[in-house]
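Written out below as structure tokens is the structure these notes cover.
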Amino acid sequence: MKKLTILAILGVICQGCTTTQKVVVPERASPVEAKINSLAEIVVKRTTRIQQLQEANYIAINGQAPKRPDLDLLPVLKQVKSLGKQYTGPLDTFIKRLSVVSSMNPPRFLNVKPTFDIIVTVDTDYKSVFSMLEQVGAVTGSRADVYYKAAENLIEVKYADY
């Protein structure tokens, strides 16, 4: 009888210790996220193309290319940083992240921030800080002006007056 009881207890304990096999399901992006990401990439490509066309138009009108800053004099803007493949989100969040990553002082925001965030899409995969700011300036258009203040080592965003 003792042997039967011990076998029964061992059987119950062993049953409780069995593990169920875990099924690993790879995480898939939803179709909506995939579509948004593909559209964001298209926006970045087209914005870059618009910049190129505007520069070509400037050359056609003025006979010379617009003056570029000498990045050797601005080592902060010459830094190559990566904030991921691309950033899509509010302008102020991007500027704050870029300031921290680039070891700049906290950014300054002038005028009243619009009710709705200015959404920017920027290619941030191992780009210079200058090229990222250039893309941001092209995407924001007339809604905000983005400046780098070298004397204060900060980025200044001036929202449009409405």
Legend entry - 4.5 Å side-chain heavy-atom contact, Val76 and Tyr148: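 Result yes, sub-4.5 Å side-chain heavy-atom pair found.
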Legend entry - Minimum side-chain heavy-atom gap Met104-Val129 below 4.5 Å: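 Yes, their side chains come closer than 4.5 Å.
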Sequence-distant partners of [X], side chain to side chain contact (heavy atoms under 4.5 Å, CB included), two or more places apart:
{"X": "Glu156", "answer": "Arg108, Leu110, Tyr147, Lys149, Leu154"}
{"X": "Tyr126", "answer": "Val80, Ser82"}
{"X": "Arg49", "answer": "Gln52, Leu53"}
{"X": "Gln86", "answer": "Ala40, Glu41, Val44, Thr88, Thr121"}

Taking only residues two or more places apart in sequence, or in another chain, which ones meet [X] in a side-chain hydrogen bond (donor to acceptor under 3.5 Å, both in side chains)?
{"X": "Asp125", "value": "none"}
{"X": "Lys35", "value": "none"}
{"X": "Lys158", "value": "none"}
{"X": "Asp145", "value": "none"}

Inset, instruction - Evaluate the criterion side-chain contact (heavy atoms from CB on, under 4.5 Å) for residue pair Val122 and Lys127; output intermediate values, then yes/no. - result: CA-CA 10 Å; Val122 183; Lys127 299 287 182 184; over 6 Å; no
Inset, instruction - Give every residue pair that meets the ring pair (Phe, Tyr, Trp, His ring centres under 6.0 Å) criterion with at least one member in residues 67-98, sequence neighbours excluded. - result: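 Passing the test, one end in residues 67-98: Tyr87-Phe94.
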Inset, instruction - For residues 53-78, pull every pair meeting ring pair (Phe, Tyr, Trp, His ring centres under 6.0 Å), keeping only residues two or more places apart or in separate chains. - result: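 Sorted result for residues 53-78: empty, none.
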Inset, instruction - Give a yes or no on whether the backbone of Met132 and the side-chain of Gln135 come within a donor-acceptor separation of less than 3.5 Å. - result: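 No, Gln135 side chain to Met132 backbone: no donor-acceptor pair under 3.5 Å.
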Inset, instruction - Mark yes or no for whether Ser102, through its side chain, and Ser99, through its backbone, hold a donor-acceptor pair below 3.5 Å. - result: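 Side chain of Ser102 to backbone of Ser99: no pair is present.
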Inset, instruction - Taking all heavy atoms of Asn153 and all of Ser103, pick out the closest pair and write down the distance. - result: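 Residues Asn153 and Ser103, closest heavy atoms: ND2-O, 3.5 Å.
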Roughly how far apart are [X] [atom1] and [Y] [atom2], rounded to 0.5 Å?
{"X": "Leu77", "Y": "Leu133", "atom1": "CG", "atom2": "CG", "result": "6.5 Å"}
{"X": "Ile119", "Y": "Thr140", "atom1": "CD1", "atom2": "OG1", "result": "12.5 Å"}
{"X": "Leu98", "Y": "Thr93", "atom1": "CG", "atom2": "OG1", "result": "12.5 Å"}
{"X": "Arg97", "Y": "Lys81", "atom1": "CZ", "atom2": "NZ", "result": "13.0 Å"}

Inset, instruction - Return the set of residues passing ring pair (Phe, Tyr, Trp, His ring centres under 6.0 Å) with Phe109 (not counting sequence neighbours), or none when no residue passes. - result: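 Here no residue qualifies.
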Legend entry - For Lys113, salt bridge (Lys or Arg N to Asp or Glu O under 4.0 Å) partners two or more places apart: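 Salt bridge (Lys or Arg N to Asp or Glu O under 4.0 Å) check on Lys113 returns Asp92, Asp117.
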